[in-house]
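Notes for the one structure printed next.
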Amino acid sequence: LQKALESVARQRAADVSGPWIIEVAPARYELAETIRIRPEHTGDGPTAGLTIRSAGPTKPVLSGGRRVTGWQPSTTRPGVWTTVLPEART
């Protein structure tokens with residue numbers, strides 16, 4: 001998505017008229033950083049406008065979190081599941 005926004009900004013800077021539509025394929029996108037939509041993406045005046053929408057009937061998911069895997073039932077506490085996050089170890 002960020003690359004598509006950068007492409008829109010480049011085209012706007014080159015005076016290619018809009019409005020612009022970015023279609024996002026249905027999938028789960030785990031984002032490493034915040035998506036920033038700025039004035040250079042949206043423009044102003046009669047050619048202003050930016051729409052970000054799904055490319056299909058199923059909606060994409062933009063997630064700022066991360067997937068935690070490796071869950072296992074606790075061997076000492078019934079009904080409790082645990083996992084190891086290496087970066088959280090001290």
Side-chain angles (χ1 to χ4, degrees):
L1 186 54
Q2 199 62 50
K3 288 181 181 181
L5 287 168
E6 291 167 10
S7 175
V8 168
R10 280 192 305 275
Q11 292 182 56
R12 283 197 183 281
D15 288 329
V16 177
S17 63
W20 297 94
I21 298 172
I22 297 174
E23 291 192 331
V24 182
R28 178 181 176 88
Y29 300 92
E30 298 192 18
L31 307 174
E33 58 189 47
T34 303
I35 296 171
R36 298 189 193 313
I37 301 173
R38 297 193 163 99
E40 60 265 26
H41 303 126
T42 60
D44 58 11
T47 64
L50 172 66
T51 301
I52 301 172
R53 67 182 183 201
S54 175
T58 305
K59 293 182 171 74
V61 175
L62 305 177
S63 174
R66 68 173 193 145
R67 194 173 299 256
V68 178
T69 61
W71 292 97
Q72 298 178 352
S74 171
T75 57
T76 58
R77 298 176 60 199
V80 173
W81 287 70
T82 63
T83 192
V84 175
L85 298 175
E87 65 276 10
R89 289 188 168 194
T90 57

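Remember, predicted model here, so these are calculated numbers, not experimental data. Any value given below was found using the heavy atoms of this structure, including those in side chains, with hydrogens, waters and symmetry copies removed.
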To the nearest 0.5 Å, how far apart are CD in E6 and CD in E40?
10.0 Å
Atom pair CG/CZ of L62 and R28 - distance to nearest 0.5 Å:
10.0 Å
Would you list the atom pairs, donor with acceptor, under 3.5 Å between side chains in residues 75-82 and any protein atom, with sequence neighbours excluded?
residue : atom : partner : partner atom : Å
T76     : OG1  : S74     : OG           : 3.4

Closest non-hydrogen atoms of E23 and A55, given as atom of the first, atom of the second and distance, are CB-CB, 3.8 Å
Donor-acceptor pair, T51 side chain versus I21 backbone, under 3.5 Å?
no
On a heavy-atom basis, which atom in H41 and which in V8 lie closest, and how many Å separate them?
O-CG1, 3.4 Å
Mind checking the CG-CZ spacing from L5 to R36? Nearest 0.5 Å is all I need.
12.0 Å
Audit row: L50, I22, side chain to side chain contact (heavy atoms under 4.5 Å, CB included) steps and yes/no:
CA-CA 8 Å; L50 172 66; I22 297 174; 3.9 Å; yes
Set out, in order, the CA-CA distance, both residues' side-chain angles and the distance that settles side chain to side chain contact (heavy atoms under 4.5 Å, CB included) for I52 and I37, then state yes or no.
CA-CA 11 Å; I52 301 172; I37 301 173; 3.7 Å; yes
Between atom CH2 of W20 and atom CD of Q11, what is the distance when rounded to the nearest 0.5 Å?
3.5 Å
Output the distance between atom OG1 (T83) and atom CH2 (W71), rounded to the nearest 0.5 Å.
6.0 Å
